[in-house]
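Below you'll find the structure, written out as structure tokens, and then a few comments.
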Amino acid sequence: VRLQIKPHLGDVLLQALRPKHISDWHQTLIHEGRIALVTIAAAHGALRTALERAVKIEVLARNVAKIITPPKTVKVEVTSLTKDQVADVLDKLAGHPLYPIVALAIGTGMRRGEIGALTWADVDLGGRALTIRRSLEQTRAHGIRVKAPKTKAGVRTISLPALAVDALREHRIKTLERRIALGAGALPPDAPVFATIEGAWPSPAAITDQWRTAVEQLDLPKVRLHALRHSHASALIAAGLDVITISRRLGHSKASITLDVYGHLFTNNDTAAAEAIDAIF
């Protein structure tokens with residue numbers, strides 16, 4: 001509402017709002033080029049809901065956001081790395097500051113904001129697990145701030161593969177060495193795992209920029225950073241894990257979301273269903 005609706009429609013009286021206002025608003029957002037179609041659709045949904053309430057309490061006679069539909073979003077198939085590409089990425093990033101972040105993204109499927117919001121208190125290297133309690137958000141208006149995960153299911157404890165444990169352990173040693181060199185003392189439990197040199201939260205945008213630079217300089221696969229999360233999910237599906245387990249690990253609020261995004265990767269083995277019934281009889 002604050003970013004997509006009010007700047008464009010906030011000065012229009014409700015009773016003066018016409019379908020053309022909605023149509024022009026969509027075109028303005030599209031031409032700005034900074035907003036995804038799915039975000040425009042979400043903004044339209046928020047406006048439609050608000051106007052529907054206005055109709056119910058008889059402030060308005062009609063809901064113009066029902067007359068004009070939002071631009072259609074195009075479902076883009078997720079991009080993930082092959083097993084060989086994953087190995088190549090990790091090999092080329094060895095010793096790079098981005099390595100532990102990439103190892104976590106591939107090894108856990110965590111979102112960029114979740115990785116940035118990790119503190120050392122959230123990590124149990126001995127138990128090979130970590131707990132996701134928060135996420136980072138970066139906006140022009142408010143800068144970097146901590147927020148709750150996208151859904152309640154986003155708060156979760158997940159196990160760590162050996163690759164991620166080793167990467168975090170090495171990163172912790174380097175962090176301690178740097179603090180000693182700077183005379184900063186011991187590492188507080190609530191310190192961000194990927195803190196800046198000043199000990200502040202890392203910039204999510206800077207992490208993405210680091211990835212883009214590494215892609216160009218190290219000849220990595222030309223995929224978005226988020227593709228590492230997709231690669232993790234694809235690996236779990238290929239290994240035969242059930243959708244509920246995968247959904248919980250990824251922090252999806254519903255298994256249906258996991259199926260909607262990754263359903264095409266699941267094998268439709270109907271023969272197994274018949275064999276299961278045969279086993280019962």
Side-chain angles (χ1 to χ4, degrees), residues 78-136 149-150 153-176 187 189 192-195 202 204 207-208 210-211 214-215 218 220-221 223-252 255 257-258 261-262 265-267:
V78 297
T79 303
S80 58
L81 304 178
T82 65
K83 182 179 179 181
D84 290 340
Q85 285 178 318
V86 167
D88 185 52
V89 166
L90 293 173
D91 183 55
K92 289 179 177 178
L93 284 175
H96 193 284
L98 201 58
Y99 180 85
I101 292 175
V102 171
L104 262 185
I106 294 174
T108 66
M110 292 171 66
R111 303 176 178 93
R112 179 189 65 173
E114 294 171 340
I115 293 174
L118 269 182
T119 68
W120 286 110
D122 301 322
V123 181
D124 180 6
L125 292 176
R128 294 181 53 168
L130 60 77
T131 300
I132 299 165
R133 296 185 174 92
R134 66 196 76 80
S135 182
L136 288 186
K150 291 180 71 174
V155 178
R156 62 202 187 276
T157 298
I158 56 178
S159 58
L160 293 171
L163 172 80
V165 172
D166 292 342
L168 284 173
R169 186 170 281 123
E170 183 177 348
H171 175 66
R172 182 178 175 86
I173 292 172
K174 289 181 178 179
T175 301
L176 287 168
L187 188 62
V193 172
F194 299 105
I207 293 174
T208 296
Q210 274 188 296
W211 170 255
V215 166
L218 302 178
L220 303 180
V223 297
R224 296 169 56 215
L225 181 67
H226 200 68
L228 305 182
R229 173 173 164 85
H230 294 323
S231 301
H232 177 78
S234 299
L236 299 185
I237 294 169
L241 269 71
D242 65 276
V243 67
I244 299 297
T245 299
I246 296 172
S247 177
R248 288 173 178 168
R249 187 169 176 87
L250 294 176
H252 287 160
I257 296 175
T258 309
V261 178
Y262 303 105
L265 298 177
F266 286 90
T267 302

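The side-chain heavy atoms of Ile257 and Ser247, taken from C-beta on, include no pair separated by under 4.5 Å. You'll find the side chain of Asp122 reaches within 4.5 Å of the side chain of Arg134, heavy atoms only. The side-chain heavy atoms of Ile106 and Val102, taken from C-beta on, include a pair separated by under 4.5 Å. Val155 places none of its side-chain heavy atoms less than 4.5 Å from the side chain of Ile132. Leu118 places a side-chain heavy atom less than 4.5 Å from the side chain of Leu104. At least one side-chain heavy atom of Pro221 sits under 4.5 Å from a side-chain heavy atom of Val89. Two residues are said to be in side-chain contact when any heavy atoms from C-beta on lie closer than 4.5 Å; Thr131 and Arg156 fail this criterion. Residues Arg128 and Ser159 have side chains not in contact (no heavy-atom distance under 4.5 Å, counting atoms from C-beta outward).
Ser231 places a side-chain N or O within 3.5 Å of a backbone atom of Leu81 that can act as its donor or acceptor partner. The closest donor-acceptor contact from the side chain of Arg229 to the backbone of Leu250 lies under 3.5 Å.
If you check the side chains of Arg111 and His226, you find no donor sitting under 3.5 Å from an acceptor. Under the 3.5 Å distance criterion, with hydrogens and angles disregarded, a donor-acceptor pair is assigned to the side chains of Arg112 and Thr208. Defined by atom type and a distance below 3.5 Å, a donor-acceptor pair is present between the side-chain atoms of Tyr262 and His230. Checking Ser234 against Ser80 by side-chain atom types alone, a donor-acceptor pair falls below 3.5 Å.
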Side chain to side chain contact (heavy atoms under 4.5 Å, CB included) assessment of His171 paired with Phe194:
CA-CA 9 Å; His171 175 66; Phe194 299 105; 3.5 Å; yes
Any chance you could lay out the side chain to side chain contact (heavy atoms under 4.5 Å, CB included) test for Val123 and Leu125, step after step, and finish with the verdict?
CA-CA 6 Å; Val123 181; Leu125 292 176; 3.7 Å; yes
Stepwise salt bridge (Lys or Arg N to Asp or Glu O under 4.0 Å) check, Glu114 with Arg133:
CA-CA 8 Å; Glu114 294 171 340; Arg133 296 185 174 92; over 6 Å; no
Asp124/Leu130 under side chain to side chain contact (heavy atoms under 4.5 Å, CB included): CA gap, chis, key distance, verdict:
CA-CA 6 Å; Asp124 180 6; Leu130 60 77; over 6 Å; no
Side chain to side chain contact (heavy atoms under 4.5 Å, CB included) assessment of Thr258 paired with Val261:
CA-CA 5 Å; Thr258 309; Val261 178; over 6 Å; no
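Atoms CD and CG, from Gln85 and Leu90 in turn, are 12.0 Å apart once rounded to the nearest 0.5 Å. In this structure, the separation between CG on Asp166 and CG on Leu160 is 10.5 Å, given to the nearest 0.5 Å. Interatomic distance, Trp211 CH2 to Leu228 CG, rounded to the nearest 0.5 Å: 4.5 Å. The line from NZ of Lys83 to CG of Asp88 is 14.5 Å long, rounded to the nearest 0.5 Å. A distance of 10.0 Å separates CZ in Arg249 from CD1 in Ile246, rounded to the nearest 0.5 Å. Distance CD1/Ile115 to CG/Leu225: 7.0 Å, rounded to 0.5 Å.
The two residues Ala167 and Ala103 come nearest to each other via the heavy atoms CB-CB, 3.8 Å. When every heavy atom of Leu136 is checked against every heavy atom of Pro202, the shortest pair comes out as CD1-O, 3.4 Å. Nearest approach of Ala255 to Val243, heavy atoms of both residues: O-CG2, 4.0 Å. Of all the heavy atoms in Ala129 and Thr157, the pair that sits closest is CB-CG2, 4.4 Å. The shortest non-hydrogen separation linking Met110 to Thr108 is CG-OG1, 2.9 Å. Of all heavy-atom pairs between Tyr99 and Leu93, the closest is CB-O, 3.3 Å.
No more than 12 heavy-atom neighbours from other residues, nucleotides or ligands sit within 6.0 angstrom of CZ on Arg224. Atom CZ of Arg172 is surrounded by more than 12 heavy atoms from other residues, nucleotides or ligands within 6.0 Å.
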